[in-house]
Amino acid sequence: MTLPDPTLSFIAQYVPHLNKGDAHAPPPDREYTIDELARATETTTRNIRAYQERGLLPPPKLRGRKGIYSNAHYSRLRLIGDLLERGYTLSTIGDLLAALEQGLDLRNFMGIESALTSPWTDEEPVLMGIDELLAMFDNKVNLGSIDKALKLDLVRLEPDGKTVQVRSMRTMKAGAELVSTGIPFEDLLEIIQMLRGNVERVANELVKLVAENVLQKYDDDDALPPKEDLPQIADLIWRLRPLAEMAVHAELARAMEKATNHFLGDRLEKIIQGLETKK
DNA sequence: GTTCTTACA
DNA sequence: TGTAAGTA
């Protein structure tokens, strides 16, 4: 299972603030009538209005009765169009855009809000006996799997050797559900391992994005931000987390759907072939 | 002639 | 999402 390009870096090229002086061609900076905009972005006026109604596109300035659109509208329409091509639904795109805007708005609080460094997950680790954990999985896991789970840092062994720290009870419960439907625990661990690599990639992109963006404030050549600002940067990244979650959810949902279709497609093909050979 | 709104398919 | 009618 592989996830497509990290959505965040993909999105970044369409977000003017995050795309200063970079490689991607900037949209022509001018005014558009709705008709010109539709042609420039390869949509229709009907769609532009529909996106407005759904809140995916900000309303234009009004000159008399005419709407005057800007390059900001151009960028967003391109983003929407590409996202659509990638198989996102309009409502998913809406969620993503909302998260994006919310995240960017948070910059306005920078420098005002002080911040404490936060933990990277809002779930409290839960302590439970190894026997309890095994019971959760209906005793369908062997010790080897537990060893793997330890290596993946899904659980941590306590000093007493009899209890473990479950880092995310939500994950664990979801896993137990799946195991109860007959999916081997081992396979789940493998999937988690693969997922983790990809998710970390997305997280890195996000942090990089924020870092580059925030660091610009301290003027290009000087290397590091003042140490006293680091907590604020950490806080900003923490607050931007919903954006990352949206991106991961969206990509995962897409990958799942694709994988499901492939899987079902293969099965159908085999069934059809089976029928044909029986003729 | 263009833009907008509304409504319908 | 396209199309049509009625406006400004």
Side-chain angles (χ1 to χ4, degrees), chain A residues 1-20 22-105 108 198 202 205-206 209 240 242-269 272:
Chain A
M1 181 184 306
T2 54
L3 293 175
D5 309 344
T7 300
L8 287 169
S9 58
F10 171 73
I11 287 177
Q13 82 183 90
Y14 296 98
V15 182
H17 326 284
L18 300 181
N19 190 30
K20 288 193 175 146
D22 260 33
H24 295 291
D29 187 8
R30 61 182 184 95
E31 293 184 344
Y32 301 83
T33 66
I34 190 170
D35 212 78
E36 292 166 337
L37 187 64
R39 270 195 283 273
T41 56
E42 297 169 291
T43 30
T44 62
T45 60
R46 176 69 176 84
N47 282 335
I48 291 178
R49 297 204 167 100
Y51 299 156
Q52 260 163 234
E53 280 168 25
R54 291 191 187 232
L56 303 187
L57 189 70
K61 276 188 192 172
L62 289 181
R63 181 179 298 157
R65 205 174 77 107
K66 277 185 186 167
I68 303 299
Y69 295 82
S70 69
N71 54 313
H73 296 97
Y74 176 95
S75 301
R76 174 150 301 189
L77 274 173
R78 281 233 104 86
L79 172 60
I80 294 173
D82 285 336
L83 251 19
L84 241 24
E85 261 181 38
R86 291 179 147 216
Y88 289 87
T89 67
L90 284 180
S91 76
T92 308
I93 295 173
D95 289 345
L96 266 170
L97 289 175
L100 229 195
E101 264 164 16
Q102 226 234 327
L104 291 177
D105 283 348
N108 300 334
N198 286 294
V202 176
E205 288 296 332
L206 172 64
L209 222 60
L240 278 172
L243 211 184
E245 285 174 0
M246 290 291 332
V248 171
H249 282 167
E251 288 297 340
L252 187 57
R254 279 188 63 255
M256 287 290 241
E257 202 177 305
K258 219 167 143 189
T260 306
N261 289 339
H262 279 160
F263 177 70
L264 291 179
D266 285 353
R267 287 204 118 189
L268 276 179
E269 213 174 305
I272 290 170

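To find a chain, count down the sequence lines: A is the first, B the second, and so on, and within it residues start at 1. Please read these numbers as outputs of a predicted model, since none were measured by experiment.
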Contact pattern, 5' to 3', of nucleotides 3-8 of chain C - B, S or - by protein heavy atom under 4.0 Å: B---BB
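For residues 38-47 of chain A, every residue pair satisfying the salt bridge (Lys or Arg N to Asp or Glu O under 4.0 Å) rule, not counting sequence neighbours, is listed here: A:D35-A:R39, A:E42-A:R78. Listed by first and then second residue, the ring-ring contact (aromatic ring centres under 6.0 Å, His included) pairs involving residues 46-65 of chain A amount to none (not counting sequence neighbours).
In this entry the distance linking CG of A:L57 with C1' of C:dT1 reads 16 Å, nearest Å. Rounded to a whole Å, the NZ atom of A:K66 is 15 Å from the P atom of B:dT5. Separating the CG atom of A:L62 from the C1' atom of B:dT5 is a distance of 13 Å, rounded to the nearest angstrom. Taking atom OH of A:Y51 as the reference point, atom P of B:dC4 lies 17 Å away to the nearest angstrom. If you take CD1 of A:I80 and P of C:dT1, they are 11 Å apart, rounded to a whole angstrom. Rounded to an integer number of Å, the gap from A:L37 CG to B:dT2 C1' is 15 Å. The interatomic distance linking A:D35 (CG) with B:dT2 (P) rounds to 8 Å, in whole Å.
Within the nucleic acid shown, A:G67 comes within 4.0 Å of sugar-phosphate atoms alone, with no base atom in reach, counting heavy atoms only. Within 4.0 Å (heavy atoms only), A:T45 reaches no atom of the nucleic acid at all.
With sequence neighbours excluded, the residues that form a side-chain contact (heavy atoms from CB on, under 4.5 Å) with A:I68 are A:E31, A:K61, A:R63. Take A:T44 and apply the side-chain hydrogen bond (donor to acceptor under 3.5 Å, both in side chains) test, not counting sequence neighbours, and it matches A:N47.
Residues A:A38 and A:T45 share a closest heavy-atom pair of CB-N, 3.8 Å. In plain terms, the two heavy atoms of A:L90 and A:L84 that are nearest each other are CD2-CD1, 3.8 Å. In this structure, A:T33 and A:Y69 approach most closely via the heavy-atom pair C-CD1, 4.1 Å.
Distance CD1/A:I80 to OG1/A:T43: 9.0 Å, rounded to 0.5 Å.
In DNA chain B, runs of at least 3 stacked Watson-Crick or G-U pairs (N1-N3 plus N6-O4 or O6-N4, or N1-O2 plus O6-N3, all under 3.5 Å) give these stems: B:4-9 with C:1-6.
For the OP1/OP2 pair of C:dG2 and a distance below 4.0 Å, the side-chain nitrogens and oxygens of A:T44 include at least one atom meeting the criterion.
Looking only at distances, a side-chain donor or acceptor of A:R76 sits under 3.5 Å from a matching main-chain atom of A:L56.
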